[in-house]
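Working notes for the structure below.
Order of the sequence lines fixes the chain letters, A, B, ..., with proteins taken first and strands second; residue numbering starts at 1 for each chain.
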2 protein chains.
Amino acid sequence: MVEEVSNAGNESRAQESRDEILQAATALFARRGFHETSMAEVAREAGVSKALIFWHFKTKEELFFAVLARLLEPYVIDFAEERSALDEKTQILKLIEAYLSFVRDHADSIRFFVAQLLRSEKPSPALNNQVLALYEGYRALLTDLIQHAQDDGLCSRRLDAANTAAFLLSTLNGLLISYLFLGNQALSLEGMMGMLGDWLFGGMA
Amino acid sequence: MVEEVSNAGNESRAQESRDEILQAATALFARRGFHETSMAEVAREAGVSKALIFWHFKTKEELFFAVLARLLEPYVIDFAEERSALDEKTQILKLIEAYLSFVRDHADSIRFFVAQLLRSEKPSPALNNQVLALYEGYRALLTDLIQHAQDDGLCSRRLDAANTAAFLLSTLNGLLISYLFLGNQALSLEGMMGMLGDWLFGGMA
DNA sequence: TCGGTTATTGACCGACTGGTTAGGAGCCCC
DNA sequence: GGGGCTCCTAACCAGTCGGTCAATAACCGA
């Protein structure tokens with residue numbers, strides 16, 4: 001009902017132009033922001049007419065949310081699949097590492113996305129709920145992992161698993177925005193990651 | 001520290017109107033965002049003519065940065081004065097607490113401020129440097145406090161003071177934006193603060 | 001009282017923007 | 001070959017907004 005990516009090899013012409021518009025809009029929004037980017041610019045960048053954009057997306061806002069939704073995609077993981085044969089400690093560390101390298105690789109898009117999410121107005125409830133659901137997924141996964149790690153004696157029992165998971169996520173978000181502000185020379189993601197691991201598993205293993 | 005509604009002494013008429021404009025703009029920007037707020041609205045809200053705003057501020061952007069700078073003010077503390085007779089552990093905890101209650105009290109303004117700071121374009125170098133300087137100030141203060149706490153055996157030596165300070169600040173930022181997203185019912189600032197303290201001073205005292 | 005600087009305004013304008021519309025290719029099925 | 005979709009466009013429109021300007025009120029020193 002939403003995305004027919006499956007139309008491999010023979011994407012309908014419309015789908016193609018839609019993608020190009022989305023791509024152009026993503027780049028321009030990220031570079032210049034929502035309001036500073038006019039539909040005419042998006043059209044030019046995408047190599048189509050302005051009216052075509054309005055054929056694909058009823059309003060500028062609709063385009064905006066389509067862009068945001070697209071930006072969100074890479075975050076989505078199959079939580080079930082994530083359960084591997086590795087021990088929990090390693091899984092957690094890998095998760096953290098994956099998050100941080102994702103941050104490093106997509107800093108600009110993320111910066112834009114977070115900024116938009118933080119806006120007082122705008123962020124549609126739908127998108128917000130999507131983000132919340134994602135957050136909850138990660139939190140549940142982490143809670144579970146931490147609990148198992150504790151059961152296996154890999155991690156101190158002193159910490160409450162659920163709270164620890166929330167705290168860990170919050171900390172990762174902190175690293176994210178600190179990184180967005182300061183860049184890597186002022187704030188070493190690796191170093192911070194080390195501290196995180198130390199905190200979680202310190203004195204163990 | 002800033003508000004002084006009570007026209008203390010003899011603020012020039014211009015200063016008065018300037019303040020009212022700034023106040024109106026701050027509220028509107030925070031509520032509706034920069035682009036959604038027109039100068040006419042600001043003028044109406046402030047009870048002055050639009051032209052007067054342009055007499056005070058050459059452009060809308062100038063008004064914008066004035067608002068941002070004002071928003072930053074409460075963050076600024078006298079770092080020297082902060083050194084009290086309290087032991088370092090207490091000082092650190094108080095600092096954390098102060099930060100978090102500040103977050104709670106000014107969530108809307110902070111949300112707006114952070115969102116603006118995160119924008120790809122715009123954030124003037126001047127403002128950015130101000131923020132960076134502030135960050136450095138806090139970091140230096142914390143580093144120092146942690147070091148002393150370690151010397152006094154209040155805090156584990158396992159942690160490097162400078163890194164710990166950076167990490168602590170980053171974590172606080174994480175709590176900040178997590179709070180902005182989730183609100184207090186999903187994320188207890190107090191609980192998180194407890195975990196922070198536990199991490200810093202766990203096993204001690 | 002006067003003259004000049006400071007503070008303030010209503011009226012105006014040009015530029016631009018989101019969105020519309022009427023129409024025209026290309027294509028498929030009958 | 002013609003009706004009827006999908007896809008796409010140039011031209012246009014209505015409204016808004018940042019910014020200007022000429023005029024003027026309020027204040028202040030002389």
Side-chain angles (χ1 to χ4, degrees), chain A residues 1-7 9-68 116 119-124, chain B residues 7 9-68 116 119 121-122 124:
Chain A
M1 170 208 154
V2 194
E3 291 292 291
E4 257 88 7
V5 185
S6 48
N7 201 355
N10 210 355
E11 235 185 357
S12 71
R13 195 137 170 53
Q15 195 55 245
E16 231 174 81
S17 66
R18 192 191 138 99
D19 280 353
E20 256 153 47
I21 290 167
L22 236 23
Q23 204 175 317
T26 303
L28 286 174
F29 284 167
R31 195 179 332 140
R32 281 213 270 280
F34 177 73
H35 280 279
E36 291 84 346
T37 303
S38 72
M39 297 302 258
E41 280 176 305
V42 176
R44 188 163 1 104
E45 177 89 6
V48 301
S49 74
K50 193 175 60 153
L52 182 58
I53 304 183
F54 283 97
W55 185 82
H56 279 295
F57 309 93
K58 257 196 280 297
T59 67
K60 191 185 182 186
E61 274 202 12
E62 197 174 306
L63 171 62
F64 175 70
F65 286 124
V67 165
L68 251 36
Q116 295 305 331
R119 299 169 45 136
S120 15
E121 211 70 9
K122 252 338 135 44
S124 74
Chain B
N7 193 0
N10 212 354
E11 232 185 358
S12 73
R13 197 135 167 53
Q15 196 55 244
E16 232 175 82
S17 65
R18 192 190 139 99
D19 280 352
E20 258 154 45
I21 290 167
L22 236 22
Q23 204 175 315
T26 303
L28 286 174
F29 284 168
R31 195 180 329 142
R32 280 214 271 281
F34 177 74
H35 280 279
E36 291 84 347
T37 303
S38 71
M39 296 302 259
E41 282 175 303
V42 176
R44 189 163 1 105
E45 176 89 7
V48 300
S49 73
K50 193 173 61 148
L52 182 58
I53 304 183
F54 283 98
W55 185 82
H56 280 295
F57 309 93
K58 256 196 281 296
T59 68
K60 192 185 182 185
E61 273 202 14
E62 197 173 306
L63 171 61
F64 175 70
F65 286 124
V67 165
L68 251 36
Q116 295 305 333
R119 300 171 44 135
E121 213 69 8
K122 249 345 133 41
S124 75

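In this structure, Q15(A) places its CD atom 9 Å from P of dC7(D), rounding to the nearest Å. Whole-Å rounding puts the W55(B) CH2 to dA25(D) P distance at 18 Å. Atom C1' of nucleotide dA25(D) and atom CG of L52(B) are separated by 13 Å, given to the nearest angstrom. Rounded to an integer number of Å, the gap from E36(A) CD to dC16(C) C1' is 14 Å. For the pair I21(A) CD1 and dC7(D) P, the computed distance is 12 Å after rounding to whole Å. Computed from coordinates, the D19(A) CG to dC7(D) C1' distance equals 15 Å when rounded to whole Å. The distance between atom CD of E62(A) and atom P of dG19(C), rounded to the nearest whole Å, is 10 Å. For the pair R18(B) CZ and dA7(C) C1', the computed distance is 14 Å after rounding to whole Å.
Not a single donor-acceptor contact under 3.5 angstrom links the side-chain atoms of K58(A) to the base of dG19(C). A donor N or O paired with an acceptor N or O is found under 3.5 Å between the base of dG19(D) and the side-chain atoms of K50(B).
Across dG10(C), dT20(C), dG19(D), the shortest atom-to-atom separation from the side chain of A51(B) is found for dG10(C). In this structure, the nucleotide among dG18(D), dC7(D), dA7(C) sitting nearest to the side chain of F54(B) is dG18(D).
At the phosphate of dT8(C), OP1 or OP2 sits under 4.0 Å from a side-chain N or O atom of S17(B).
For the atom pair F65(A) CZ and E61(A) CD, the distance stands at 5.0 Å (nearest 0.5 Å).
Heavy-atom distances under 4.0 Å link DNA chain D to V48(A), S49(A) of residues 39-49 of chain A, given in residue order.
Classified by interplanar angle (parallel below 30°, tilted 30° to 60°, perpendicular above 60°), the ring pair H35(A)/H35(B) is parallel.
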